[in-house]
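Because only heavy atoms are used, hydrogens play no part in the values below, and waters and symmetry mates are left out as well, while side chains stay in.
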Amino acid sequence: MTTITLAHPDSTVHEATAAAIIRVLEANDVEPEIVIGPKSALADMLKNGEIDLYVSAWLPDDDSDLLAPGVTPLGKLFQPSACCCISREDGPVVSLTDVAQAGPELSRTIITPASLRKHVEQMLTDYALADAGFTLKVLPDEEALASITAALNSKDCILMPLVQPCFLFHQGGFRILSDPKGSMGKEQEASMLMRPGLTDDMDQDLQDELDELMLSTKVISAMDFAMRTEGLTADEAAESWQRGKLLPR
């Protein structure tokens with residue numbers, strides 16, 4: 001194959017992941033054709049053989065609906081996970097079991113990305129947070145991230161439902177709370193998805209190289225940060241990572 005149609009959802013995290021993969025393709029003289037769109041539309045295109053490689057599916061739970069007969073996962077890129085954080089690195093709150101007893105300095109409004117609504121609702125139930133006066137303010141993901149970032153910059157004390165990787169984890173300045181009841185869900189595995197028949201059409205050496213590609217939530221968070229705050233393109237962020245300039249050695 002000299003060209004591959006690669007697809008990813010329209011988010012900086014998926015764009016960063018795709019950029020790292022694209023560099024591997026180009027190093028093997030394979031020209032990528034990029035398709036960006038809603039996950040549901042890309043799933044249909046993958047199943048119908050209209051795209052070759054989907055980046056990336058978070059399995060086994062989050063993106064299980066992307067799997068279809070003949071669609072093959074490839075690689076283990078990184079381990080995404082949902083968590084709840086508090087916008088203070090110090091203080092007595094270290095676990096979700098501590099939250100209900102927190103003082104009035106902790107806002108009772110939880111700014112919640114829409115994609116995490118079910119997890120956070122489960123968290124409210126499991127840790128009796130609604131009884132303690134906590135409520136959700138559900139926003140589209142990008143709006144929620146903007147509101148959380150503003151609260152961090154203002155030094156407000158808030159709970160922050162987030163998914164790793166995310167640029168905020170590279171920025172830091174907050175604490176991840178332990179979740180002994182598992183309300184925020186299990187750690188996932190980010191994999192590429194190959195269209196039906198691609199295993200036969202793609203060069204085996206390239207398949208092996210993609211299968212062995214190891215990123216991490218730290219790498220993708222750093223790339224996301226560089227794209228959002230430093231003005232780098234996804235390709236520039238991927239090159240910076242490859243050259244060892246994105247993260248300290």
Side-chain angles (χ1 to χ4, degrees), residues 11-13 56-65 76-190 215-222 224-225 228 247:
S11 82
T12 51
V13 163
S56 62
W58 295 4
L59 303 171
D61 302 320
D62 290 7
D63 290 328
S64 59
D65 56 331
K76 295 181 178 180
L77 300 169
F78 56 87
Q79 290 74 42
S81 60
C83 57
C84 190
C85 309
I86 189 168
S87 59
R88 297 282 171 84
E89 291 183 282
D90 53 7
V93 178
V94 298
S95 168
L96 285 169
T97 56
D98 303 326
V99 170
Q101 289 76 43
E105 71 279 359
L106 178 59
S107 171
R108 265 47 185 174
T109 299
I110 306 175
I111 300 168
T112 303
S115 62
L116 289 178
R117 180 172 189 159
K118 289 184 179 179
H119 288 307
V120 182
E121 287 176 341
Q122 187 64 50
M123 182 184 78
L124 253 66
T125 298
D126 291 346
Y127 295 97
L129 298 188
D131 295 340
F134 288 86
T135 59
L136 305 189
K137 181 179 180 181
V138 180
L139 297 172
D141 285 15
E142 286 298 319
E143 290 184 29
L145 285 174
S147 293
I148 289 170
T149 301
L152 272 173
N153 292 338
S154 300
K155 307 299 183 184
D156 297 337
C157 189
I158 61 168
L159 292 178
M160 305 160 44
L162 295 170
V163 172
Q164 297 191 71
C166 170
F167 71 99
L168 288 173
F169 289 94
H170 184 73
Q171 176 179 308
F174 56 88
R175 170 184 284 165
I176 300 173
L177 299 178
S178 64
D179 178 15
K181 297 185 178 182
S183 304
M184 297 299 290
K186 298 177 181 178
E187 185 177 84
Q188 301 293 290
E189 190 81 60
L215 305 173
S216 68
T217 56
K218 182 178 288 188
V219 165
I220 300 300
S221 294
D224 190 27
F225 183 86
R228 287 176 177 268
L247 292 166

Approximate separation, where rounding is to 0.5 Å, of [X] [atom1] and [Y] [atom2]:
X	Y	atom1	atom2	result
Asp98	Tyr127	CG	OH	10.0 Å
Asp224	Thr217	CG	OG1	12.0 Å
Glu143	Ile148	CD	CD1	12.0 Å
Asp62	Ser81	CG	OG	10.0 Å
Lys76	Leu59	NZ	CG	11.0 Å
Ser178	Lys181	OG	NZ	12.0 Å

Could you check whether any side-chain heavy atom of [X] comes within less than 4.5 Å of a side-chain heavy atom of [Y], counting everything from C-beta outward?
X	Y	value
Pro165	Pro80	yes
Cys83	Leu177	no
Cys85	Ile176	yes
Cys84	Met123	yes
Glu142	Pro140	no
Arg228	Thr149	no
Leu124	Ile110	yes
Val219	Phe78	no

Closest non-hydrogen atom pair between [X] and [Y], with its separation:
X	Y	value
Leu152	Gly173	CD2-O, 4.2 Å
Asp141	Ala114	OD1-N, 3.0 Å
Ser56	Asp63	O-OD2, 3.8 Å
Asp156	Arg88	C-NH2, 4.2 Å
Met184	Pro161	CE-CB, 4.3 Å
Ser64	Pro60	CB-O, 3.3 Å

When you measure from the side chain of [X] to the backbone N and O of [Y], does any donor-acceptor pair fall under 3.5 Å?
X	Y	answer
Ser87	Ile158	yes
Ser107	Thr109	yes
Ser115	Pro113	no

Measure the acute angle between the ring planes of Phe174 and Phe169, then classify it against the limits of 30° and 60° as parallel, tilted or perpendicular.
-> perpendicular
Crowded around Arg108 CZ? As in, over 12 foreign heavy atoms under 6.0 Å?
-> yes
Contacts of Phe134 that satisfy ring pair (Phe, Tyr, Trp, His ring centres under 6.0 Å) - sequence neighbours left out | none
Does a donor on one side chain sit under 3.5 Å from an acceptor on the other, for Glu189 and Gln79?
-> yes
